[in-house]
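Reckoned from all heavy atoms, side chains included, excluding hydrogens, waters and symmetry mates.
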Amino acid sequence: MPPRRVGAAAARGEDHIGALPDDLLLHVLSFLPAHDAVRTCVLSRRWRPVWKSLRVLRFTKHQSWGSATKFNRFANSVLFFRNRAPLEELTFETYMYDAINPLVDKDQKNERVKYAQKWIMYALTHNVQVLRVLVNSRLSRPQLRPVPLLRLSEPLISKHLMTLELKSVVLTSNSMDFSSCPALKNLKIRHSKIWVHKISSQSLSRLSVKNCEFSGDICTQILAPNLSSLLLDVRSGRLPYFPSAVLLVKAHIRLDQYCRDRCWHSNFEHCAHDTCVDCYGNNDRSAKCVLLRGLSNAKNLELAVQFSVYIQNRAAGLNYDVEMRESCSSNEKIALPEHLKLVEVRCQKIAENVHRFVDVLNAYGITSDIINIVEMDV
């Protein structure tokens, strides 16, 4: 009977799984965290070298190591002893930094991202296709947001990189210049500070910016002519803009009360100023909205705004809506083509503030028949 044969094989110490081809074993191991995959080397002599050819490495469950030093030592050892096989994916979550705990000293804080740049370079030189750099930190006070520990300033260079995910990093200088990444399709940025002049990619099709802060001094350009999907969730800073309209299939925009979206330059995409300081025109009635102009060709545009927050905090939220309304005069309507089919405005309560926001959209040429106001449960 089949159960009896299996029992006999086990008694003889036969390894049926180990008898499978290397490619199949590597596929199975690719679903495991790196530390579990490496542990298979103790099963038998057959398993000993298998993990060294892994093309998918996920350094997760970092807290099980007890310290950032032990976690970093393990990750460095794996990268050192594996063979030269190309990487399909490298994911690493840094050891958790507890920003609330005052007992964490500076050396331990720096230890968490000490080798992050080295791991990124290793991935790029091994033709990685999916790269996830996830910096872990507990919420800080008083903002109650993750603390970005890793600063990236240099552009990535890779002909193979297709997906890049960044969490809790500070992006400066030319770090978002992807002219040397011609295969990049997906870019996801979370809980980060984006202090760059440009996010540039000719190949990018999906961009997700969630719970991020843009610079208060720089109005970031997004140069991605092939972008089809956009998620833009901004907590504060100058909103980014598109120098030329892109044909988005779907755009989801969520703006917090500390966002700013105005420019008094008649041709702001050719502004010669390095920063928006002293020329941004917060009190200038001739200032123009920036973000919506570049999204005018979106087929589906979803605007998620927490109006209840704005009503309670008139100093920031209401001013933002009023500024937009003042700047959208009838003689500067955007030429909205037939691509735009639906605009959905979500709010916790349909109040006067909501209708004023609809007036802003009408001023841009977005007619009320394609605007759907959804009242959300509190």
Side-chain angles (χ1 to χ4, degrees), residues 26 29-30 33-35 37-38 51-60 62 68 71-95 110-136 148-209 212 222-224 226-227:
L26 291 171
L29 294 183
S30 68
H35 64 279
V38 172
W51 71 269
K52 295 182 179 180
S53 298
L54 277 171
R55 294 173 177 263
V56 176
L57 289 174
R58 299 189 181 100
F59 295 102
T60 57
H62 42 84
F71 175 77
N72 291 344
R73 185 183 301 123
F74 167 73
N76 286 333
S77 297
V78 171
L79 298 182
F80 180 80
F81 286 108
R82 73 180 296 271
N83 61 30
R84 297 286 298 177
L87 281 172
E88 294 177 8
E89 176 185 334
L90 175 63
T91 297
F92 66 85
E93 298 182 6
T94 64
Y95 194 81
N110 295 335
E111 182 70 22
R112 284 152 173 77
V113 295
K114 183 177 181 179
Y115 299 100
Q117 298 275 8
K118 176 182 176 181
W119 296 338
I120 293 173
M121 291 305 301
Y122 180 94
L124 297 178
T125 56
H126 286 75
N127 301 337
V128 71
Q129 299 176 33
V130 178
L131 176 60
R132 295 187 173 94
V133 181
L134 311 177
V135 178
N136 287 303
L149 300 178
L150 178 63
R151 181 181 293 265
L152 301 177
S153 58
E154 298 297 326
L156 303 183
I157 301 176
S158 172
K159 296 181 180 179
H160 306 275
L161 184 63
M162 300 179 65
T163 297
L164 175 63
E165 181 176 350
L166 304 171
K167 175 189 172 186
S168 293
V169 299
V170 180
L171 302 168
T172 64
S173 190
N174 297 319
S175 58
M176 291 289 96
D177 179 3
F178 297 104
S179 58
S180 297
C181 297
L184 185 66
K185 296 294 183 182
N186 305 299
L187 175 60
K188 180 183 291 187
I189 308 173
R190 294 184 286 150
H191 303 295
S192 298
K193 296 182 179 180
I194 304 175
W195 298 342
V196 298
H197 285 276
K198 295 180 181 180
I199 300 176
S200 176
S201 172
Q202 293 295 312
S203 58
L204 191 65
S205 60
R206 299 177 64 88
L207 173 61
S208 174
V209 178
C212 289
I222 299 180
L223 302 170
N226 291 304
L227 196 65

Donor-acceptor pair, side chain of S203 and main chain of L184, under 3.5 angstrom: yes

Closest approach of A68 to R112 (non-hydrogen atoms, all atoms of both residues): CB-CG, 4.0 Å

Parallel, tilted or perpendicular: ring planes of F71 versus F59, cut at 30 and 60 degrees: perpendicular

Euclidean distance, H191 NE2 relative to L134 CG, rounded to 0.5 Å: 10.5 Å

Sub-4.5 Å side-chain heavy-atom contact between F92 and I120: yes

Pairs of donor and acceptor atoms involving the side chains of residues 149-160, under 3.5 Å and at least two apart or interchain, shall be tabulated with distances.
| from | atom 1 | to | atom 2 | distance (Å) |
| --- | --- | --- | --- | --- |
| S158 | OG | H160 | N | 3.1 |
| S158 | OG | L161 | N | 3.1 |
| H160 | NE2 | N127 | OD1 | 3.4 |

Point-to-point distance, once rounded to the nearest 0.5 Å, from CG of L207 to CD1 of I222: 5.5 Å

Beyond-backbone contact of K118 with M121, side-chain heavy atoms, under 4.5 angstrom: no

Atom CZ of R206: over 12 foreign heavy atoms under 6.0 Å: no

Salt bridge flag under 4.0 Å for residues K167 and E93: no

Side chain to side chain contact (heavy atoms under 4.5 Å, CB included) partner of L87, the single match among V128, L131, V130: V128

Under 3.5 Å donor-acceptor, S192 side chain and S168 backbone: yes

pair F74-H35: side-chain heavy atoms closer than 4.5 Å: yes

R58/E89 salt bridge by N-O under 4.0 Å criterion: yes

Working for side chain to side chain contact (heavy atoms under 4.5 Å, CB included), residues L164 and R132: CA-CA 6 Å; L164 175 63; R132 295 187 173 94; over 6 Å; no

Nearest-0.5 Å distance that lies between atom CZ in R55 and atom CD in Q129: 9.0 Å

Residue that, paired with W119, satisfies side chain to side chain donor-acceptor pair (under 3.5 Å) out of N76, N72, T94: N76

Steps toward side chain to side chain contact (heavy atoms under 4.5 Å, CB included) verdict (L227, S205): CA-CA 4 Å; L227 196 65; S205 60; 5.7 Å; no

Residue pair M176, F178: steps toward the side chain to side chain contact (heavy atoms under 4.5 Å, CB included) verdict: CA-CA 6 Å; M176 291 289 96; F178 297 104; 3.6 Å; yes

Between S53 and N83: side-chain donor-acceptor atoms closer than 3.5 Å: yes

pair V135-V113: side-chain heavy atoms closer than 4.5 Å: yes

Stepwise side chain to side chain contact (heavy atoms under 4.5 Å, CB included) check, V78 with W51: CA-CA 9 Å; V78 171; W51 71 269; 3.8 Å; yes

Pairwise side-chain contact, L204 with N226, heavy-atom cut-off 4.5 Å (strictly under): no

Nearest-0.5 Å distance that lies between atom OG in S173 and atom NE2 in H197: 8.5 Å

For the student: nearest non-hydrogen atoms of K193 and W195, plus distance: CD-CZ2, 3.5 Å

Between CE on residue M162 and SG on residue C181, distance to nearest 0.5 Å: 12.0 Å

Heavy-atom donor-acceptor pair, S175 side chain to L171 backbone, under 3.5 Å: no

Donor-acceptor pair between R82 and Y122 side chains, under 3.5 angstrom: yes

